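We count residues from 1, following the sequence as given. Fair warning: this is a prediction, and the values are worked out from it, not measured in the lab.
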Amino acid sequence: MDDTLTGKADFEDIYTAPDPRPYFRTLGPLDYRIPGEMLPLVVQALRSAPGPQRPVLDLCCSYGLNGALLRTDLDFAGLTAHYTGADLDEGTPEARIAADREFVGAHLRGDAPVVRGLDIAAPAIDHSVAVGTLSAGWAEDLESADPSAELAAGIADTGLLICTGGIGYVSQTSVERILGCLEHPERVWVLCSVLRSVSYDAVRGACSSYGLVTEQVPVPPLRQRRFADATEARSAVEGARAWGCDTTGLEDDGWWYAEAWLSRPAADAEALPVEDLAAAAGRLAA
Ligand SMILES: C[S@@+](CC[C@H](N)C(=O)[O-])C[C@H]1O[C@@H](n2cnc3c(N)ncnc32)[C@H](O)[C@@H]1O
């Protein structure tokens, strides 16, 4: 069992382009979909966390796809259609960003939540903040360094920390450093999708050290994307089996699958059982 992404194809180039077009054009054919799969759970977590809604922090946010889904009326298909359209292929980077800003702005919800992002890739953060999929963002690597003073101050009031497709790229080290910035780490909710070949134990431990209780959200395994090649297929199947998962009808059929994990204060977990939260998210998705 592994807590990293051994055997996963290397897509670093698409995470560091000036805009998300290479991201969608590379991952689209692989049916990439985890932000959309997680959306009902994220929305339900935002609604269910007690008290006034507090800002979301998206760890490994890339081009702010979770921010786009939460802050606009667009779905994943709408985002994909925009970013894979051929109309701006010849334009300058500035023209593409202006077009993306106009597109996002036209779809922004009146009650858009505050969604901030953290990613190692500066171009992805710059694009997301420029076009409005993120309210604010920071390009930092908390695996290797403490947060800057700007990041620490900027995320202090976070109420919901999310991470889709990022655990394995980042570990408990980043999560611990984020929790260490919060005014109220003992009140935060942490919701992550985690590939079935990747262990969540260490992140669970980091949350537990702040008194948060971690539960697996009882939903069927979530499709992340199709395998890019045979090496991915082998490592996903072997990794999931090593973790005790039955891969029949799941990884065996060519897809990366993830599970959703939720950490929150014990009192919140008692007040709203995770089964009820999953059911409410299922009604949102229906
Ligand atoms: C598979 S993508 C997931 C992107 C997005 N969350 C989604 O669901 O589409 C992984 C992201 O992790 C970021 N990443 C990798 N290492 C990181 C680190 N040490 N700190 C922050 N982000 C990192 C990459 O730049 C990339 O944007």
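The closest side-chain heavy-atom distance from Ser148 to Glu140 is below 4.5 Å. Counting heavy atoms from C-beta outward, Leu59 and Ile178 have side chains that approach closer than 4.5 Å. Side chains of Asp19 and Asp100 form a contact here, defined as non-hydrogen atoms less than 4.5 Å apart. Put simply, the side chain of Tyr32 does not reach to within 4.5 Å of the side chain of Pro29, judged on heavy atoms. Side-chain contact between Arg196 and Glu251 is present, with heavy atoms from C-beta onward closer than 4.5 Å. Counting heavy atoms from C-beta outward, Arg71 and Ser135 have side chains that approach closer than 4.5 Å. Using a 4.5 Å heavy-atom threshold, the side chains of Trp256 and Ser197 count as touching.
Atom CG of Leu46 is separated from atom CZ of Arg54 by 10.5 Å, given to the nearest 0.5 angstrom. From His127, atom NE2 reaches atom CZ of Arg96 across 9.0 Å, with rounding to the nearest 0.5 Å. Rounding to the nearest 0.5 Å gives a distance of 6.5 Å between CG of Leu179 and CG of Leu161.
No chain of hydrophobic side-chain contacts below 4.5 Å, direct or via other Ile, Leu, Val, Met, Phe, Trp or Tyr residues, connects Val213 to Leu191. By the criterion of side-chain heavy atoms lying less than 4.5 angstrom apart, applied directly or through intervening Ile, Leu, Val, Met, Phe, Trp or Tyr residues, Val129 is grouped together with Leu79 in one hydrophobic cluster. Put simply, Val237 and Leu195 are part of two different groups of oily side chains (I, L, V, M, F, W, Y) that touch within less than 4.5 Å, one to the next. Under a hydrophobic-cluster definition in which Ile, Leu, Val, Met, Phe, Trp and Tyr are linked whenever side-chain heavy atoms come within less than 4.5 Å, directly or via other members, Leu134 and Val114 are assigned to different clusters.
Applying the salt bridge (Lys or Arg N to Asp or Glu O under 4.0 Å) test to pairs two or more places apart or on separate chains, those with a residue in residues 206-231 are Asp31-Arg226, Glu215-Arg264, Arg225-Glu232. Applying the side-chain hydrogen bond (donor to acceptor under 3.5 Å, both in side chains) rule to pairs touching residues 175-184 yields Asp146-Arg177, His184-Glu186, sequence neighbours excluded. Judged as a ring pair (Phe, Tyr, Trp, His ring centres under 6.0 Å), not a single pair has a partner in residues 132-152 (not counting sequence neighbours).
Proximity of the aromatic rings of Tyr23 and Tyr83 is defined here by a centroid distance below 6.0 angstrom, and this criterion is not met.
Between Trp261 and Tyr200, the ring planes are parallel. Angles under 30° get that label, and only those over 60° would be called perpendicular. Taking the six-membered ring where tryptophan is involved, the planes of Phe76 and Phe24 are tilted, since the angle between them lies from 30° to 60°.
Here the closest non-hydrogen pair linking Arg116 and Ile155 is NH1-CA, 4.1 Å. The two residues Val188 and Pro265 have their closest heavy-atom pair at O-CD, 3.6 Å. Closest heavy-atom contact between Leu160 and Val42: CD2-O, 4.0 Å. Of all non-hydrogen atoms in Val190 and Cys207, the two that sit nearest each other are CG2-SG, 4.2 Å. Residues Phe103 and Gly78 come closest through the heavy atom pair CZ-O, 4.0 Å. Nearest approach of Gln53 to Pro113, heavy atoms of both residues: OE1-CB, 3.4 Å.
Using modelled atom types, one finds no donor on one side chain facing an acceptor on the other under 3.5 Å when comparing Gln224 with Ser193.
In the displayed structure, Arg47 atom CZ is contacted under 6.0 Å by at most 12 heavy atoms of other residues, nucleotides or ligands. Environment of CD in Glu102: sparse, with no more than 12 heavy atoms of neighbouring residues, nucleotides or ligands closer than 6.0 Å.
Clustering of Ile, Leu, Val, Met, Phe, Trp and Tyr by side-chain heavy atoms under 4.5 Å joins Ile120 with none of the others. The hydrophobic cluster containing Tyr257, built from Ile/Leu/Val/Met/Phe/Trp/Tyr side-chain heavy atoms closer than 4.5 Å, also comprises Leu250, Trp255.
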**Q.** Tyr169/Ser174 under side chain to side chain contact (heavy atoms under 4.5 Å, CB included): CA gap, chis, key distance, verdict
**A.** CA-CA 10 Å; Tyr169 290 93; Ser174 290; over 6 Å; no
Q) What do the steps show when you test Thr84 against Arg21 for side chain to side chain contact (heavy atoms under 4.5 Å, CB included), and what is the final call? A) CA-CA 6 Å; Thr84 56; Arg21 287 170 177 79; over 6 Å; no
Q: Please assess Thr173 against Leu142 for the test side chain to side chain contact (heavy atoms under 4.5 Å, CB included), listing each intermediate value before the final yes or no.
A: CA-CA 7 Å; Thr173 306; Leu142 301 189; over 6 Å; no
Q.
If you apply the rule side-chain hydrogen bond (donor to acceptor under 3.5 Å, both in side chains), what do you find for Thr247 with Asp252, and how did you get there?
A. CA-CA 6 Å; Thr247 56; Asp252 287 353; 2.8 Å; yes
Q.
Could you go through Glu259 and Trp243, starting from their C-alpha distance and side-chain angles, then the distance that decides it, and tell me whether this counts as side chain to side chain contact (heavy atoms under 4.5 Å, CB included)?
A. CA-CA 12 Å; Glu259 291 164 339; Trp243 183 228; 3.9 Å; yes
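With Cys60 as reference, Val170 is the one residue of Asn66, Val170, Thr164, Leu118 to meet the side-chain contact (heavy atoms from CB on, under 4.5 Å) rule. Of the candidates Leu70, Leu69, Asp58, Pro35 forms a side-chain contact (heavy atoms from CB on, under 4.5 Å) with just one, namely Leu69.
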Cut-off 3.5 Å, no hydrogens considered: what does the side-chain donor-acceptor table look like for residues 268-278, sequence neighbours left out?
unit_1, atom_1, unit_2, atom_2, d
Asp268, OD2, Trp189, NE1, 2.9

